[in-house]
*Asks:* 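Before anything else, here's the structure in question.
Within every chain, numbering begins at 1; the chains are lettered A, B, ... in the order of the sequence lines, protein sequences first and strands thereafter.
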2 protein chains.
Amino acid sequence: MLKKNLNASVIFHVIKLSETWKRNGDAITQQFGITTQQWLILLLLAKDPNILYFKDNPQEKPMMAKELAEAMNVSRANITNLLNVLIRKKLVVQLEDIHDKRRKRLTLTEAGKKLVDKMEFVRQEYNKRLFAKFSKADKLQFTEFIDTCLQAMRHDNLVK
Amino acid sequence: MLKKNLNASVIFHVIKLSETWKRNGDAITQQFGITTQQWLILLLLAKDPNILYFKDNPQEKPMMAKELAEAMNVSRANITNLLNVLIRKKLVVQLEDIHDKRRKRLTLTEAGKKLVDKMEFVRQEYNKRLFAKFSKADKLQFTEFIDTCLQAMRHDNLVK
DNA sequence: GAAAATAGTTAACCATGTTAATTAATTATG
DNA sequence: CATAATTAATTAACATGGTTAACTATTTTC
């Protein structure tokens, strides 16, 4: 017999919230003919400063597939597949690094940049309504809670 | 050029957190030979009171596949597939409803119940360490933030 | 100059999800 | 009460997103 438990409740809340957002995200991206995963790559290539990866990994040069894989926590093979779609859609171009021919640098095309800008507008309007009821302090406290969790998971090896 | 924005930051935080948890969840469930999705079904059949679905949908009778689909926000066809695996593993049994032969009531087998109990122990130890730094009030505030977001998404149609 | 490391691709695969069509049982209705 | 509509579940065909393992090509290291 399972009992009420605040810790478990916290986790189910986060899962529910991120599922719901994912669904809404899909609804937004579909309008622009891409998937949420593809959007995330575009935002990474546009170096959206709100993405957590950039805190520990500031980027000067155009990103490589390897870095996308790290940022998104998926395999490189998977990134290859996702990128192929974006390249076919002419939203991203891949250029060999001059100093190291193994590397390929990824940048947004003009069309890619334009798409990000268009989607950015929709995203901001959506977020404004979503978070209307919260103060800046509320939101900061919320993200600090998450940062603390993420740190706990980084330091400990919580899964034995 | 994308700028810093607290709303966007909140969303990326939640995405990162739920991804990390999902990965840790997978690591836990793998040890027991099931997937995270299959675990979720077992917890629903065990009526874990921390699952948000039960707040609005208290269940007296054993659940049906249709209800699992609702709770997990996926198609019924998908639930059929997931259940087939659990039934093959003899963790779940399906019995025709006496009053309505269309319906099939799902219950955990003894093995299913035992598995849930074993996993519950691991889950609780994991959570205890994960949330060590937070007070009850911290956690309540956090879940209230999420409840407010979920409500905002339910009422408005945020995606135009 | 050979061995090791790095970046990327390809191929084969699995889990999870979808929609559309079908079967069977129950409920509503004219 | 017979027929139509609804409900629950399944099946089949398919898309997507993810994996690992094997491979190629290029740099780095020793």
*Asks:* Under 4.0 Å between a side-chain N or O of B:Q30 and OP1 or OP2 of D:dT19?
*Replies:* no
*Asks:* Does a salt bridge link B:D26 with B:K22, judged by any charged N lying under 4.0 Å from a carboxylate O?
*Replies:* yes
*Asks:* Distance check needed: C:dA15 C1' versus B:I34 CD1, whole Å only.
*Replies:* 14 Å
*Asks:* Taking only the side-chain nitrogens and oxygens of B:T80, find out if one of them lies under 4.0 Å from OP1 or OP2 of D:dT11.
*Replies:* no
*Asks:* Round to a whole Å and report the spacing from CG of B:L83 to P of D:dA9.
*Replies:* 9 Å
*Asks:* Given D:dA8, is OP1 or OP2 found less than 4.0 Å from the side-chain N or O atoms of B:Q94?
*Replies:* no
*Asks:* Is any NZ, NE, NH1 or NH2 atom of the basic residue among A:K114 and A:E110 found under 4.0 Å from an Asp or Glu carboxylate oxygen of the other?
*Replies:* no
*Asks:* What I want to find out is whether B:R23 reaches B:E19 closely enough, with some N-O distance under 4.0 Å, to be called a salt bridge.
*Replies:* yes
*Asks:* Picking from D:dA8, D:dT27, C:dG17, which would you name as closest to the side chain of B:V74?
*Replies:* C:dG17
*Asks:* Does the side chain of A:K104 get closer than 4.0 angstrom to OP1 or OP2 of C:dG8 through an N or O atom?
*Replies:* no
*Asks:* Tell me the interatomic distance from A:E96, atom CD, to C:dT9, atom C1', rounded to whole angstroms.
*Replies:* 14 Å
*Asks:* Rounded to the nearest Å, what distance is computed from the CD1 atom of residue A:I87 to the P atom of nucleotide C:dG8?
*Replies:* 11 Å
*Asks:* Write down the distance between CD (B:Q37) and P (C:dA15), rounded to a whole number of angstrom.
*Replies:* 13 Å
*Asks:* Could you check whether any side-chain N or O of A:E67 sits under 3.5 Å from a backbone N or O of A:M64, counting only pairs where one atom can act as donor and the other as acceptor?
*Replies:* yes
*Asks:* Expressed in angstrom and rounded to an integer, what is the separation of B:L82 atom CG from D:dT10 atom P?
*Replies:* 12 Å
*Asks:* Could you check whether B:R76 gets within reach of a base, just the sugar-phosphate, or nothing at all, counting any heavy atom under 4.0 Å?
*Replies:* base
*Asks:* Give the nucleotide from the list C:dT26, C:dT18, D:dG18 with an atom nearest to the side chain of B:N78.
*Replies:* C:dT18
*Asks:* Hey, mind stepping through B:N7 and A:K139 against side-chain hydrogen bond (donor to acceptor under 3.5 Å, both in side chains) and telling me if it holds?
*Replies:* CA-CA 8 Å; B:N7 289 343; A:K139 294 184 241 178; 2.7 Å; yes
*Asks:* Ignoring the backbone of B:R102, work out which of D:dT6, C:dT18, C:dA7 is nearest its side chain.
*Replies:* D:dT6
*Asks:* Expressed in angstrom and rounded to an integer, what is the separation of B:Q38 atom CD from C:dG17 atom P?
*Replies:* 11 Å
*Asks:* Could you state the atom-to-atom distance from CG of A:N84 to P of C:dG8 in whole Å?
*Replies:* 13 Å
*Asks:* Indicate whether OP1 or OP2 belonging to D:dT26 is found under 4.0 Å from a side-chain N or O atom of A:K101.
*Replies:* no
*Asks:* Considering heavy-atom distances to DNA chain C, does A:N81 or A:R103 have its closest nucleotide positioned more toward the 5' end?
*Replies:* A:R103
*Asks:* Is there a side-chain contact between B:F32 and B:L42 (heavy atoms, below 4.5 Å)?
*Replies:* no
*Asks:* Measure from the side-chain heavy atoms of B:D100 and tell me the nearest of D:dA8, D:dT20, C:dT26.
*Replies:* C:dT26
*Asks:* Quick one: is D:dT19 close enough that its OP1 or OP2 comes under 4.0 Å of any side-chain N or O from A:S75?
*Replies:* yes
*Asks:* Let me know, please, whether A:T36 or A:A77 comes out on the 5' side of the other along DNA chain D by nearest nucleotide.
*Replies:* A:T36
